Amino acid sequence: MQKQFNISVIGAALAVSFASAAVHAAGVTDAMIENDAKAPNNVLSWGMGQQGQRFSPLTQINSKTVSKLVPAWSFSFGGEKQRGQESQPVIYNGKMFVTASYSRIYALDVKTGAKLWKYEHRLPDGIMPCCDVINRGAALYDNLVIFATLDAQLVALNQDTGEVVWKEKIDDYHAGYSASAAPLIAKGLLLTGVSGGEFGVIGRVEARNPRTGELVWVRPMVEGHMGYKYDKDGKEIENGISGTTNATWPGDLWKSGGAATWLGGTFDASTGLAYFGTGNPAPWNSHLRPGDNLYSASTVAIDVATGKIKWHYQTTPNDGWDFDGVNEFITFDMNGKRMGGKADRNGFFYVIDAKNGKLQNAFPFVNKITWASSIDLKTGRPNLIPEGRPGDPTKGQDGKKGKTVFSAPSFLGGKNQMPMAYSPKTNLFYVPANEWGMDIWNEPVAYKKGAAYLGAGFTIKPLNEDYIGVMRAVDPKSGKIVWEVKNNAPLWGGVMATAGDLVFYGTPEGFLKAVDAKTGKEMWKFQTGSGVVAPPVTWKEGDTQYVAVVSGWGGAVPLWGGEVAKKVNFLEQGGSVWVFKLAGK
């Protein structure tokens, strides 16, 4: 085995070396991607930088000038294919690359909005996306733009022409696999996850050569599954099992254990680690799988060079509420150390040492949490409230339904897919939170390939009459909420902070808003014509700063939202990207 390991390391090193050395001077390079957060003229990564801080150093649009912000252009995705639009655009060399629902991608002229080309992936019948036909964005590398599709494929296109350069299958969509996250480029590798946790898939992270699509390594996110590396001929070489088989999973349930990596990851060059959140264990009925169920509902730190798990932190052991743990892990500096911040769906905000995974701080960022009273800062484990877990159906009167409990947050989370932002200027996180709960109960269930694998029923309910969504500025050191801005409908789009002392975010009611980063005071808003469930970005072209956001209501809320969905059923679908600049620029 030692000999095999050495061969696999050499193969991976050669693949990384080849990927880095072959980059054309005119294309997007590894150095450019690593510097993305500091370079104002492009947006090369989902998260506006590998670390995912979504902070821009630009100041032309600031708290004093933002009142003069006006539309520069708008582009419609067209056709009848609307639904949820959760994409973050990427910008390079005068072009915007923006994905849309139903696995489409457009290249647009950043100054005029003119369409340069369009690629529409041909989707087969029978795809099984859990939470709408969305796509969250693309990655740029060399002269390629790369994105994932709902039938679990990766497609790399020529940035100039839209022609397919390579296309690779991730997994079988018949088995419930799909893909919607923006890929991550780290150390010359293309890192991607998988969707499909509600269908009993196995979550994993894959590393590929971004210029060819060839696999370099694969790391499963459920213990008991073997990881692999691939040599230059594509030969599969064992690279160690994730965890220890049956250590935290009973029987054979680990074989369909979920833990999907459906939101994608972040990367920190100072640690050399990629951070991927993992989704819920399968099935939802936690009584079938006693134990922690690693590595579900966790942040998993992976050594990009080796494909090995360096550390993990599990936010919801033995998850029984579909709280997931997939939310983004954003690295930042605090107390002279490199930390990571995570606003989990379970309602707690975690501050974790980015190098070793040790918990530094944990506190609620929503008002009502019923499943745990707090997080033990010494052990890192939640102090559970036993009566907050839905009941065992085998102990119900008819053996078909367990005791119903009211749980907060709901499974849609204190925060879901909508990415937060961090400002190194204010040292605050800006979290798009939601206050809601659910009635939830467990039911018997058995795994069947390609079928929904829940074992639970639920109804989502608002907690307050006047608001569900609330934008909060959070101090990671003290755990204090510095300010908040309430919103009637749930917040489902991402956030951006800027050195111009502004925080931008969208609302389902259709507004893109800018508020003061220090106080939360609303400074500007614009009606985009449909709900905003996507994160904004900003960049500078010539001497002009632009802000862009995708508009189009949809996602999980209208599909799964129960009473909340009824409350916001007046909201209209859409599909467009809006770009703004200061009047006169």
Side-chain angles (χ1 to χ4, degrees), residues 128 130-131 176 196-201 249-251 253 256-260 279-293 296-297 314-326 344-348 366-373 382-416 434-448 451-464 468 490 556-567:
M128 292 178 283
C130 141
C131 305
E198 269 59 62
F199 298 95
V201 305
W249 285 86
L253 280 180
S256 52
N280 56 282
W284 287 19
N285 182 349
S286 61
H287 299 280
L288 292 174
R289 43 175 174 76
D292 284 354
N293 312 139
S296 69
Q314 189 172 43
T315 46
T316 314
N318 192 225
D319 182 2
W321 306 268
D322 186 37
F323 282 150
D324 267 45
V326 78
D344 200 88
R345 268 167 64 173
N346 68 22
F348 289 99
V366 295
N367 291 335
K368 189 175 182 65
I369 298 175
T370 62
W371 71 278
S373 59
N383 293 310
L384 296 170
I385 300 173
E387 55 270 26
R389 183 179 295 273
D392 185 345
T394 64
K395 297 179 180 179
Q397 284 187 334
D398 58 3
K400 295 181 179 180
K401 182 178 178 180
K403 179 183 177 182
T404 299
V405 300
F406 180 78
S407 175
S410 76
F411 77 85
L412 290 175
K415 190 187 85 65
N416 201 288
N434 288 306
E435 299 281 356
W436 44 19
M438 63 179 173
D439 288 331
I440 182 171
W441 60 91
N442 284 328
E443 302 166 345
V445 67
Y447 173 74
K448 181 180 178 181
Y453 190 38
L454 300 184
F458 50 82
T459 302
I460 308 294
K461 298 182 176 182
L463 296 178
N464 307 286
I468 298 172
V557 174
L559 295 176
W560 295 82
E563 292 183 15
V564 170
K566 295 177 183 177
K567 187 174 181 179

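As a basis for the values below, the full set of heavy atoms in this structure was taken, side chains included, without hydrogen atoms, waters or symmetry mates. Predicted, not measured: the structure shown is a model, and the values here were computed from it.
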Separation of I440 CD1 from W371 CH2 (nearest 0.5 Å): 13.0 Å
Rounded distance [0.5 Å steps], CH2 in W560 versus CE in M438: 12.0 Å
Hey, can you pull the donor-acceptor pairs under 3.5 Å for the side chains in residues 316-323, sequence neighbours left out?
| from | atom 1 | to | atom 2 | distance (Å) |
| --- | --- | --- | --- | --- |
| T316 | OG1 | N346 | ND2 | 3.0 |
| N318 | OD1 | R389 | NH1 | 3.3 |
| N318 | ND2 | R289 | O | 3.0 |
| N318 | ND2 | G291 | O | 3.2 |
| N318 | ND2 | N293 | OD1 | 3.0 |
| D319 | OD1 | W321 | N | 2.9 |
| D319 | OD1 | D322 | N | 3.2 |
| D319 | OD1 | F323 | N | 3.3 |
| D319 | OD2 | F323 | N | 2.9 |
| D319 | OD2 | D324 | N | 3.0 |
| W321 | NE1 | G388 | O | 2.9 |
| D322 | OD2 | R345 | NH2 | 3.1 |

Rounded distance [0.5 Å steps], CG in L454 versus CD in E443: 8.5 Å
Check: Q314 side chain, D292 main-chain N or O, donor-acceptor pair, under 3.5 Å: yes
Student check: side-chain heavy atoms of L253 and Y447 closer than 4.5 Å: no
Where P490 and V564 come nearest, the two heavy atoms and their spacing: CG-CG1, 3.7 Å
Rounded distance [0.5 Å steps], OG1 in T404 versus CZ in F458: 13.0 Å
S407 side chain reached by P390 side chain, heavy atoms, under 4.5 Å: no
Non-hydrogen side-chain atoms of T315 and F348 separated by less than 4.5 Å: no
Pairwise distance CG(L559) to SG(C130) - rounded to 0.5 angstrom: 8.5 Å
Residue pairs passing the salt bridge (charged side-chain N to carboxylate O under 4.0 Å, His left out) test where at least one lies in residues 390-402, sequence neighbours excluded: none
From CG (D439) to CZ (F406), nearest 0.5 Å: 6.5 Å
Heavy-atom check, side chain of T394 versus side chain of H287, under 4.5 Å: no
Minimum-distance pair of heavy atoms, taken over all atoms of L288 and P250: O-CG, 3.8 Å
For S410 against G437, the heavy-atom pair lying closest together: CB-O, 3.4 Å
Heavy-atom pair with the smallest gap, counting every atom of G257 and W249: O-CH2, 3.3 Å
Contact summary for V366 and E435, nearest pair of heavy atoms: CA-OE2, 3.3 Å
Heavy-atom pair of closest approach, residues I385 and A372: CD1-C, 3.7 Å
